[in-house]
Amino acid sequence: MTAIEKLTEERDELRNARIERILMAAYSLFSHKGIDAIAMTDIAKQAEIGVASLYRYFETKDEIAIRTAMWAWECQKKMIIPTLSTSDYARLDGYTQIEQILKLFVLLYQTEPDFFRFIYFFDAYVICQQILPERLLPYQGVIQSVQTIIASAIRKGTEDGSISQEYKSNTDELYFSLMHTFFSTAQKLSLSGKMLKMDESNDSVLQLQLLSRLLLCGLKGGRK
């Protein structure tokens with residue numbers, strides 16, 4: 001490696017480290033206060049960089065919100081994907097694969113409740129700002145790998161009989177029904193699970209576990 005190549009590599013590493021710090025700062029602020037309430041100056045302060053430096057990396061708040069959403073999903077995928085890529089998982093029937101996936105998402109809620117809050121705030125921000133779907137294609141690409149795994153488990157279940165045959169022609173709709181139901185509940189619990197006095201005695205993790213069991217009961221095929 002030449003001196004110029006080494007210098008370029010060091011500069012790239014420094015740039016990537018700074019971007020990582022910016023995204024971590026944005027994620028922390030967005031997940032606790034929402035995206036609308038946060039200014040670029042807040043992000044710069046949290047990341048301990050100058051505002052001018054922040055704008056060199058991200059020209060608008062829309063851009064940093066989308067990049068932060070991509071970063072957030074990539075971080076969670078590091079926990080989810082390895083478990084769903086093992087030979088042991090591949091040998092499970094489709095129903096049991098879905099069961100394992102829902103257990104992972106419950107664990108994700110236990111360890112990273114900020115993630116569910118952030119996704120709620122991000123979705124709301126996208127709608128309010130009327131961000132076009134074309135601008136969200138990179139974000140969509142990040143989450144599609146998870147969607148593909150879950151959809152494959154559903155299709156496998158309808159083929160091996162562990163998931164009811166009535167869903168065979170509606171696997172896409174079933175995927176969205178399962179995930180939207182689970183995510184909406186997890187978001188609600190992460191945002192306001194203890195908002196009311198009546199909520200204090202409720203165990204949010206147990207609620208998600210019970211919801212998972214209810215969803216799984218609706219999937220059962222003849223072999224179960």
Side-chain angles (χ1 to χ4, degrees), residues 15-16 19-20 22-32 34-36 38 40 43 54 57-85 89 94 97-98 100-109 111-158 167 169-191 208 212 215:
R15 181 178 184 276
N16 291 337
I19 289 174
E20 179 84 3
I22 291 169
L23 295 176
M24 288 176 64
Y27 178 74
S28 176
L29 292 168
F30 291 160
S31 61
H32 287 90
I35 300 176
D36 285 325
I38 300 302
M40 295 291 271
I43 298 170
L54 177 62
Y57 295 107
F58 301 99
E59 295 181 359
T60 66
K61 192 163 78 169
D62 286 359
E63 183 184 352
I64 196 170
I66 294 170
R67 285 288 300 278
T68 303
M70 294 169 63
W71 176 87
W73 263 106
E74 288 288 3
C75 289
Q76 307 319 316
K77 282 167 60 178
K78 290 176 183 177
M79 185 198 82
I80 296 169
I81 298 298
T83 302
L84 305 181
S85 302
Y89 172 83
Q97 287 183 346
I98 295 295
Q100 293 299 309
I101 290 167
L102 289 176
K103 285 180 179 179
L104 280 175
F105 277 113
V106 172
L107 178 60
L108 179 60
Y109 172 82
T111 57
E112 290 290 336
D114 286 359
F115 173 69
F116 292 95
R117 282 198 299 271
F118 170 79
I119 295 300
Y120 173 85
F121 289 133
F122 178 70
D123 289 351
Y125 182 80
V126 167
I127 298 301
C128 290
Q129 295 298 116
Q130 298 182 331
I131 297 177
L132 297 175
E134 288 75 18
R135 291 188 64 192
L136 297 171
L137 287 175
Y139 171 69
Q140 177 178 302
V142 172
I143 62 178
Q144 274 183 325
S145 58
V146 176
Q147 178 183 347
T148 298
I149 290 172
I150 300 171
S152 295
I154 292 172
R155 284 192 296 272
K156 182 177 184 179
T158 58
Y167 302 120
S169 60
N170 303 107
T171 54
D172 288 342
E173 290 79 6
L174 181 58
Y175 161 79
F176 285 112
S177 295
L178 287 171
M179 290 300 100
H180 286 171
T181 301
F182 186 92
F183 261 69
S184 295
T185 304
Q187 287 171 338
K188 166 66 177 175
L189 292 170
S190 66
L191 283 162
L208 287 178
S212 297
L215 293 172

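The basis for the numbers below is simple: all heavy atoms, side chains too, and nothing from hydrogens, waters or symmetry mates.
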Please report the closest heavy-atom contact between [X] and [Y], naming both atoms and the distance.
{"X": "Met179", "Y": "Leu102", "value": "CE-CD2, 4.1 Å"}
{"X": "Phe118", "Y": "Ala65", "value": "CZ-O, 4.2 Å"}
{"X": "Ile150", "Y": "Ile98", "value": "O-CD1, 3.8 Å"}
{"X": "Ile35", "Y": "Lys61", "value": "O-NZ, 2.9 Å"}
{"X": "Glu74", "Y": "Val142", "value": "OE2-CG1, 3.7 Å"}
{"X": "Ser28", "Y": "Ser31", "value": "O-OG, 3.3 Å"}

Spacing of [atom1] belonging to [X] relative to [atom2] belonging to [Y], to within rounding of 0.5 Å:
{"X": "Tyr125", "Y": "Ile66", "atom1": "OH", "atom2": "CD1", "result": "8.5 Å"}
{"X": "Lys156", "Y": "Ile154", "atom1": "NZ", "atom2": "CD1", "result": "13.5 Å"}
{"X": "Met79", "Y": "Thr111", "atom1": "CE", "atom2": "OG1", "result": "5.0 Å"}
{"X": "Ile101", "Y": "Ser212", "atom1": "CD1", "atom2": "OG", "result": "11.5 Å"}
{"X": "Glu20", "Y": "Cys75", "atom1": "CD", "atom2": "SG", "result": "6.5 Å"}
{"X": "Tyr27", "Y": "His32", "atom1": "OH", "atom2": "NE2", "result": "8.5 Å"}

Does the side chain of [Y] come within less than 4.5 Å of [X]'s, by heavy atoms?
{"X": "Ile80", "Y": "Ile149", "value": "no"}
{"X": "Asp62", "Y": "Val126", "value": "no"}
{"X": "Phe182", "Y": "Val106", "value": "yes"}
{"X": "Phe105", "Y": "Gln76", "value": "no"}
{"X": "Arg67", "Y": "Tyr57", "value": "no"}
{"X": "Phe183", "Y": "Asp123", "value": "no"}
{"X": "Phe58", "Y": "Leu23", "value": "yes"}
{"X": "Leu137", "Y": "Gln140", "value": "yes"}

For the side chain of [X] and the backbone of [Y], is there at least one donor-acceptor N/O pair under 3.5 Å apart?
{"X": "Thr158", "Y": "Arg155", "result": "yes"}
{"X": "Tyr120", "Y": "Ala186", "result": "no"}
{"X": "Thr68", "Y": "Ile64", "result": "yes"}
{"X": "Ser190", "Y": "Gln187", "result": "yes"}
{"X": "Gln97", "Y": "Tyr89", "result": "yes"}

Discussion item. Counting only heavy atoms from other residues, nucleotides and ligands, does the tally under 6.0 Å from CE of Met70 exceed 12?
Written reply: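 Yes, because the 6.0 Å sphere around CE of Met70 holds more than 12 heavy atoms from other groups.
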
Worksheet item: Around Gln144, counting heavy atoms of other residues, nucleotides and ligands shown, do more than 12 lie under 6.0 Å from its CD?
Response: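 Result for CD/Gln144: enclosed.
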
Item to complete: Show your reasoning for whether side-chain contact (heavy atoms from CB on, under 4.5 Å) applies to Glu173 and Tyr167.
Response: CA-CA 9 Å; Glu173 290 79 6; Tyr167 302 120; over 6 Å; no

Worksheet item: Per the ring pair (Phe, Tyr, Trp, His ring centres under 6.0 Å) rule, which among Phe115, Tyr139, Phe30, Phe116 passes with Phe122?
Response: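 Only one of Phe115, Tyr139, Phe30, Phe116 forms a ring pair (Phe, Tyr, Trp, His ring centres under 6.0 Å) with Phe122, namely Tyr139.
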
Item to complete: Please assess Ile19 against Arg15 for the test side-chain contact (heavy atoms from CB on, under 4.5 Å), listing each intermediate value before the final yes or no.
Response: CA-CA 6 Å; Ile19 289 174; Arg15 181 178 184 276; 3.4 Å; yes

